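Below is one structure; the comments refer to it alone.
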Amino acid sequence: MSWDYFIELFLGGLTRGSIYALIALGYTMVYGIIELINFAHGEIYMIGAFTALIIASVLSLFGMHQLVVLVLAVVLAVVYACAYGFTVEKIAYKPLRKAPRLSVLISAIGMSLFLQNYVLLAQTSDFLPFPKLIPDFEFWEPYSHIISSQELTIIATTVVVMILLTFLIKFTTIGKAMRATAQDKIMAALVGIDVNHIISITFIVGSATAAIGGVLIASHIGQINFFIGFIAGIKAFVAAVLGGIGSIPGAVLGSLVLGWTESFFTGYISSDYEDVFAFLFLVFILIFRPAGILGRSQTQKV
Amino acid sequence: MLKLKNVQSFYGKIQALKDISLEIQAGEIITLIGANGAGKSTTLMAICGVQPARAGEILFMGKAIHNLSPHAIVGMGIAQVPEGRRIFPYLSVLENLEMGAFLRKDKSRIKQDMDYLLDLFPILAERRHQAGGTLSGGEQQMLAISRALMARPKLLLMDEPSLGLAPLIVKQIFEIIKKINMENQTTIFLVEQNANMALRVAHRGYVMENGRITLTDLAANLLSNEAVKKAYLGL
């Protein structure tokens, strides 16, 4: 139980938490704006990873530099995943905008199963090896025993994405319109905001961060299959609920808390019960804070 | 400027608006009075495209708007101060005002208008960085009016701006309504339960009952109309 071991677990948890956060953002933003748990969100992440795999495989045939391959794979995965996120919303959710919430939820589950099976048929059910897209940086060599270049890249990317997203939501007109729409859709329409347009943008932004997460984790773990979206999606969903669904800082905090919980419990107690600890912790937090760590309680002022 | 012809609107199977026809000329203050549930708010939401008209026509400056989406209608110059104010509760006062000008592109004029309104309502200037939801009822109403004015509307729809406010503030609100109409030539369509106050500022009025327009006249005549006195003025 040395200090080094603790640091290792801490950084491992931070890496996991970063990935969860990239996915959890999509859940929480979509929930914030249309009060829907978008069960197909994990699949968007999976599609991002598959797109990156295909692009990377093709590009490495031409013997391109690893970093060029990485950037192109990420960019195209993001574009592709955004197109899927946008289309899923238009096909499966928009026609149900005035339907009961349960109908939309079922539509989301249907979309999730559809996308999983579509990738299963189009690709394969086997695990596919994913190339190591993130290089080992030479300048990081002296410190790589503490944290690898891969993990460093994941954490740094997440931080950059969070800063950009915070800037978008807090300071740009589009971001303010997104918040206004989340708070009162009718009033948003009455000041001239095209609500459907804002909902589409929300899905696109959420899909983009999920795709970035998909590529990073696939490169880190080294293999993917059609089912990775389900597991990662559930974990990120838990993180979003833990932090308080609908709250963006909450999603990030919940993800980090979940990442560390998993990392420390597996490190100090047993790795067999990783998921058990994660979900036990969720139950524990929700007993004391039903709206999540940073969630707003649902009291309505009359 | 605005013309409704035989407008019908439904909530599910319940008909809320039955053959509503009315007309508003540029520069007027028109009031629509009536009891709770008569369909006053629905009329405003039909004009804005939020509660679409199922039959009939709505013309704004000669153009049919009843098939347009709400944001397109706002873009043509109609803004609403809705019932219950509907301030964005977690946006700051300044952000609420900015949202009012969402469709405008003239950045420098937007800034001017904002300064003008913050000057007009010093209490809003004082609370500019506070979340809208933390304001008092009267302050929220001022913010809601300011937010609508940020759109520089040709036609301003106001739904019960006096509801739930202290008498002193109600008086202030009605003075502001007059001022907006006089200074900016903004046409105002005012829906009110406070018929007495509304008819005092308005030029003409419509009376609504159970989804129908039952009476229309000059405001002064309505004030002295026996039936109106009895039903809406409590005299």
Side-chain angles (χ1 to χ4, degrees), chain A residues 28-29 31-35 90 94-95 97-100 166-202 244-251 291-292 294-302, chain B residues 12 41 44-45 47-52 68-92 94-105 107 110 131-135 137 140 143-144 146-153 156-157 159 164:
Chain A
T28 220
M29 286 170 69
Y31 186 87
I33 214 149
I34 56 173
E35 299 194 348
K90 286 277 180 263
K94 187 167 175 249
R97 189 93 3 111
K98 294 208 166 98
T166 308
F167 179 79
L168 171 82
I169 303 272
K170 269 211 140 47
F171 300 114
T172 66
T173 306
I174 288 289
K176 287 171 194 167
M178 285 167 88
R179 281 187 287 149
T181 307
Q183 290 166 28
D184 187 338
K185 271 195 268 307
I186 290 180
M187 193 60 230
L190 286 177
V191 296
I193 295 170
D194 183 345
V195 171
N196 283 325
H197 186 66
I198 293 294
I199 293 173
S200 289
I201 291 176
T202 307
I245 191 136
S247 154
I248 290 177
L294 296 183
R296 295 184 186 120
S297 55
Q298 292 283 333
T299 45
Q300 290 202 340
K301 202 174 159 186
V302 182
Chain B
S41 298
L44 293 192
M45 287 301 181
I47 295 170
C48 287
V50 171
Q51 169 62 40
L68 297 181
S69 52
H71 61 93
I73 294 173
V74 175
M76 293 180 70
I78 300 182
Q80 188 178 155
V81 180
E83 188 178 10
R85 310 180 271 270
R86 303 193 93 131
I87 295 303
F88 298 115
Y90 303 110
L91 295 190
S92 72
L94 287 184
E95 286 170 336
N96 267 285
L97 292 176
E98 273 175 58
M99 285 296 107
F102 184 76
L103 290 175
R104 288 174 60 187
K105 302 276 176 268
K107 280 239 163 74
I110 293 177
T134 63
L135 268 53
Q140 286 195 4
L143 179 55
S146 306
R147 178 180 60 188
L149 290 177
M150 283 301 291
R152 281 196 164 255
L156 178 63
L157 309 176
D159 197 347

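The chains referred to below are lettered A, B, ... by the order of the sequence lines, with proteins before strands, and numbering in each begins at 1. Values in this document were obtained by computation on a predicted structure and should not be read as measured data.
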Next item on the list: Answer yes or no: is there a donor N or O on one side and an acceptor on the other, between the side chain of E95(B) and the main chain of K176(A), under 3.5 Å?
Entry: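 Not confirmed, E95(B) side chain does not pair with K176(A) backbone.
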Determine the minimum heavy-atom distance between [X] and [Y], stating which atoms define it.
X: A180(A); Y: M99(B); result: CB-SD, 4.0 Å
X: V191(A); Y: F102(B); result: O-CB, 3.8 Å
X: Y90(B); Y: R179(A); result: O-NH1, 4.4 Å

Note to self: So which residue, P89(B), A151(B), A79(B), G100(B), ends up with the most heavy-atom pairs under 4.5 Å with chain A?
What the structure shows: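 Of the options given, most contacts go to P89(B).
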Checklist line | Residue, of I73(B), L91(B), I78(B), N96(B), that accumulates the most heavy atom pairs under 4.5 Å with chain A | finding: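 Highest number of pairs under 4.5 Å: L91(B).
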Note to self: Could you tell me if the side chain of M187(A) sits less than 4.5 Å from the side chain of I87(B), heavy atoms only?
What the structure shows: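 They are not in side-chain contact.
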Checking heavy atoms, do the side chain of [X], its backbone, both or neither come under 4.5 Å from chain A?
X: M150(B); answer: neither
X: Q80(B); answer: both
X: P82(B); answer: side chain

Check: Should we say atom NZ of K170(A) is surrounded by more than 12 heavy atoms from elsewhere, each under 6.0 Å from it?
Finding: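 Count not over threshold, so no.
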